[in-house]
Amino acid sequence: MAEFRAAAEVAAGFHTDVIAPLVGDIGYAAGLLGWGSDVLGYDTARSMDHGWGPRVTVLVDADEVERVRKAVDDGLPDEYDGYPVRFGWDSLTPQHHVTVSTLGDWLTGQLGFDASQSIAVADWLVTPQQQLLGVVAGQVYTDDGRLAPVRAALSWYPDQIWHWLMACQWSRIAQEEAFVQRTDEVGDVLGSRVVAARLTRDLMRLALLQSRTYAPYTKWLGTAFARLDDSDGLASALSRAVDAASYADREQALVTAYELVARRHNALGITDELDTSPRPYFDRPAQVIGADRFVQACLANVTDEAVKRHGLIGSIDQYVDNTDVLSNPQVYRKLAAVYR
């Protein structure tokens with residue numbers, strides 16, 4: 001097998017040398033879109049053993065779909081640049097992975113709705129960020145103008161939803177920030193570590209929200225977080241929190257992390273500046289940030305009744321943690337009823 005090259009680079013050549021001649025002289029868009037670590041630019045040599053190879057999504061007008069699909073089916077070579085063009089994984093029979101579709105049909109398959117027509121509040125809230133990344137993160141090799149407006153529209157949440165999501169994320173921290181101390185106090189050292197790990201993940205996701213960066217699913221969450229600006233040392237503080245052997249070290253690391261994300265919040269300038277210093281949890285000895293203060297500050301910005309009427313339940317990523325749900329539009333779209 002050929003040596004590893006980033007799939008986005010392979011797909012670029014595959015499009016130019018193979019796909020474009022098969023599509024012919026029509027307007028269309030094409031790119032490395034949808035599923036896979038390669039869309040996010042996270043693929044490595046390890047990725048080649050599982051669902052990896054030359055592939056492209058081709059978006060054409062409805063009256064061209066069947067013609068282009070047949071041209072692709074009939075004209076694809078067995079290999080491109082040393083890589084098999086037809087590949088499978090697990091129980092999937094080897095086949096080519098050149099998708100030919102209209103933009104609307106492809107978006108509906110990827111997201112569960114046609115974002116080229118409209119994006120309702122419920123669409124934003126019920127669509128996992130990983131699925132949004134499948135539209136906005138991959139490389140585009142040609143575009144006659146049909147794809148760019150959708151990628152721009154989906155590039156980040158509207159401000160009202162963004163502020164509400166941050167309120168909901170701060171709320172998750174507020175719900176558990178005192179439990180690191182309380183679990184350790186009753187001798188539940190493992191429980192204290194588990195809560196600290198949960199808070200670490202929530203702080204990572206908060207940092208991504210603050211940076212206006214969609215979070216991929218669990219396997220790549222740390223990779224996405226590691227690509228954020230870390231000049232303040234947040235990553236080191238979170239690493240110390242999950243590595244800490246003692247409660248005192250665990251709490252100190254978390255307190256440091258709380259202060260840093262609080263400073264990042266203030267730097268956004270979207271609310272009045274809040275005190276970033278830690279404080280006791282009421283009369284108990286736990287040191288916390290008082291995350292509820294940040295919840296209320298973010299909520300004060302949310303004036304859209306269609307958003308704020310949902311309380312603090314959050315988007316689907318903030319209350320669902322199951323890949324079989326988050327990766328399947330037919331399943332997660334059922335949860336749109338939560339927001340109606």
Side-chain angles (χ1 to χ4, degrees), residues 119-132 156-183 194-215 217-218 221 225 254 257-266 268-276 278-279 281-282 284 286 288-322 325-326 332-340:
I119 312 173
V121 169
D123 295 327
W124 281 114
L125 300 185
V126 80
T127 305
Q129 293 182 27
Q130 173 70 37
Q131 298 301 107
L132 293 168
W156 189 242
Y157 298 107
D159 280 353
Q160 286 284 291
I161 294 176
W162 177 44
H163 295 173
W164 182 75
L165 291 176
M166 286 195 291
C168 296
Q169 195 64 26
W170 277 111
S171 179
R172 287 181 58 93
I173 294 165
Q175 291 164 4
E176 299 190 1
E177 59 181 338
F179 295 170
V180 178
Q181 181 273 331
R182 183 63 176 135
T183 49
V194 169
V195 174
R198 284 172 55 89
L199 285 164
T200 295
R201 185 176 71 164
D202 280 336
L203 288 163
M204 291 167 65
R205 294 184 70 94
L206 176 59
L208 286 162
L209 279 172
Q210 290 174 331
S211 299
R212 297 177 177 87
T213 302
Y214 289 128
Y217 84 117
T218 303
L221 178 64
F225 174 76
L254 282 171
Y258 295 148
E259 290 187 79
L260 294 174
V261 292
R263 290 174 189 166
R264 292 186 182 192
H265 171 87
N266 285 339
L268 292 173
I270 60 174
T271 72
D272 291 339
E273 189 162 303
L274 299 172
D275 184 359
T276 64
R279 60 213 56 224
Y281 182 71
F282 298 103
R284 295 186 177 184
V288 298
I289 193 65
D292 279 329
R293 299 177 298 123
F294 294 85
V295 174
Q296 296 308 315
C298 291
L299 282 182
N301 287 342
V302 182
T303 58
D304 186 341
E305 183 59 35
V307 179
K308 71 178 184 178
R309 66 187 174 89
H310 300 305
L312 289 167
I313 62 172
S315 69
I316 188 170
D317 293 292
Q318 292 171 311
Y319 69 87
V320 175
D321 189 16
N322 184 297
V325 175
L326 297 176
Y332 67 68
R333 285 297 295 186
K334 295 177 182 178
L335 297 176
V338 171
Y339 301 109
R340 294 193 184 116

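Residue numbers count from 1 along this sequence.
The two atoms that bring A122 and Y339 nearest to each other are CB-CB, 4.0 Å, heavy atoms only. When all heavy atoms of V121 and A306 are compared, the closest pair comes out as CG1-O, 3.7 Å. Between A291 and E177, the shortest heavy-atom contact is N-OE2, 3.1 Å. Shown here for S315 and W164, the closest heavy-atom pair between the two residues is N-CZ3, 4.0 Å. Nearest heavy-atom pair, Q160 versus N301, reported as atom, atom and distance to 0.1 Å: NE2-O, 2.8 Å. Pairing each heavy atom of L221 with each of A215, the nearest pair is CD1-CB, 4.0 Å.
Considering only heavy atoms from C-beta on, L125 stays 4.5 Å or farther from I316 through its side chain. Using a 4.5 Å heavy-atom threshold, the side chains of Y214 and L208 count as separate. Side-chain contact between P158 and W124 is present, with at least one heavy-atom pair separated by less than 4.5 Å. The closest side-chain heavy-atom distance from T183 to V194 is not below 4.5 Å. Inter-residue side-chain proximity for F179 and L199 is flagged as unmet; no heavy-atom pair is nearer than 4.5 Å. V338 is not listed as a side-chain neighbour of V126, based on a closest heavy-atom distance of 4.5 Å or more.
Under the side-chain contact (heavy atoms from CB on, under 4.5 Å) test applied with V261, the options L206, I289, I173 reduce to a single match, L206.
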Self-check item: Worked check of side chain to side chain contact (heavy atoms under 4.5 Å, CB included) between H265 and E273
Solution: CA-CA 8 Å; H265 171 87; E273 189 162 303; over 6 Å; no
Quiz item: Do R333 and D123 pass the salt bridge (Lys or Arg N to Asp or Glu O under 4.0 Å) test, and can you show the C-alpha distance, the side-chain angles, and the key distance before you say yes or no?
Solution: CA-CA 8 Å; R333 285 297 295 186; D123 295 327; 2.9 Å; yes
Quiz prompt | Working for side chain to side chain contact (heavy atoms under 4.5 Å, CB included), residues Y281 and Q181 | solution = CA-CA 10 Å; Y281 182 71; Q181 181 273 331; over 6 Å; no
Quiz prompt | Test log, rule side chain to side chain contact (heavy atoms under 4.5 Å, CB included), inputs T271 and H163 | solution = CA-CA 10 Å; T271 72; H163 295 173; over 6 Å; no
Practice problem: Just do the side chain to side chain contact (heavy atoms under 4.5 Å, CB included) check on L260 and L203 with the steps written out, would you? | Solution: CA-CA 10 Å; L260 294 174; L203 288 163; over 6 Å; no
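Between W170 atom CH2 and C298 atom SG the span is 8.0 Å, to the nearest 0.5 Å. Between the CD atom of Q129 and the CG atom of L326 there is a distance of 10.0 Å, given to the nearest 0.5 Å. Distance CD/Q131 to OH/Y332: 4.5 Å, rounded to 0.5 Å. The distance from atom NZ of K308 to atom CG of L299, rounded to the nearest 0.5 Å, is 9.5 Å.
The local environment of CZ in R198 is sparse, with at most 12 non-hydrogen atoms from other residues, nucleotides or ligands closer than 6.0 Å. Surrounding CZ of R284 are at most 12 heavy atoms belonging to other residues, nucleotides or ligands under 6.0 Å away.
Between Y157 and W162, the distance from one ring center to the other does not fall under 6.0 angstrom.
Checked for salt-bridge contact, D272 and R293 miss the test: no charged N lies under 4.0 Å from a carboxylate O.
Contacts of D321 classified as salt bridge (Lys or Arg N to Asp or Glu O under 4.0 Å), with partners at least two apart in sequence or in another chain: R201. Evaluation of the salt bridge (Lys or Arg N to Asp or Glu O under 4.0 Å) rule for R263 yields E259 as partners, not counting sequence neighbours. Not a single side chain to side chain donor-acceptor pair (under 3.5 Å) links D317 to another residue, sequence neighbours left out.
S171 places no side-chain N or O within 3.5 Å of a backbone atom of Q169 that could act as its donor or acceptor partner. Under the 3.5 Å distance criterion, the side-chain polar atoms of Q318 are left unmatched by any main-chain donor or acceptor of C168. With hydrogens and angles ignored, the 3.5 Å screen pairs no side-chain donor or acceptor of R279 with any backbone N or O of V288.
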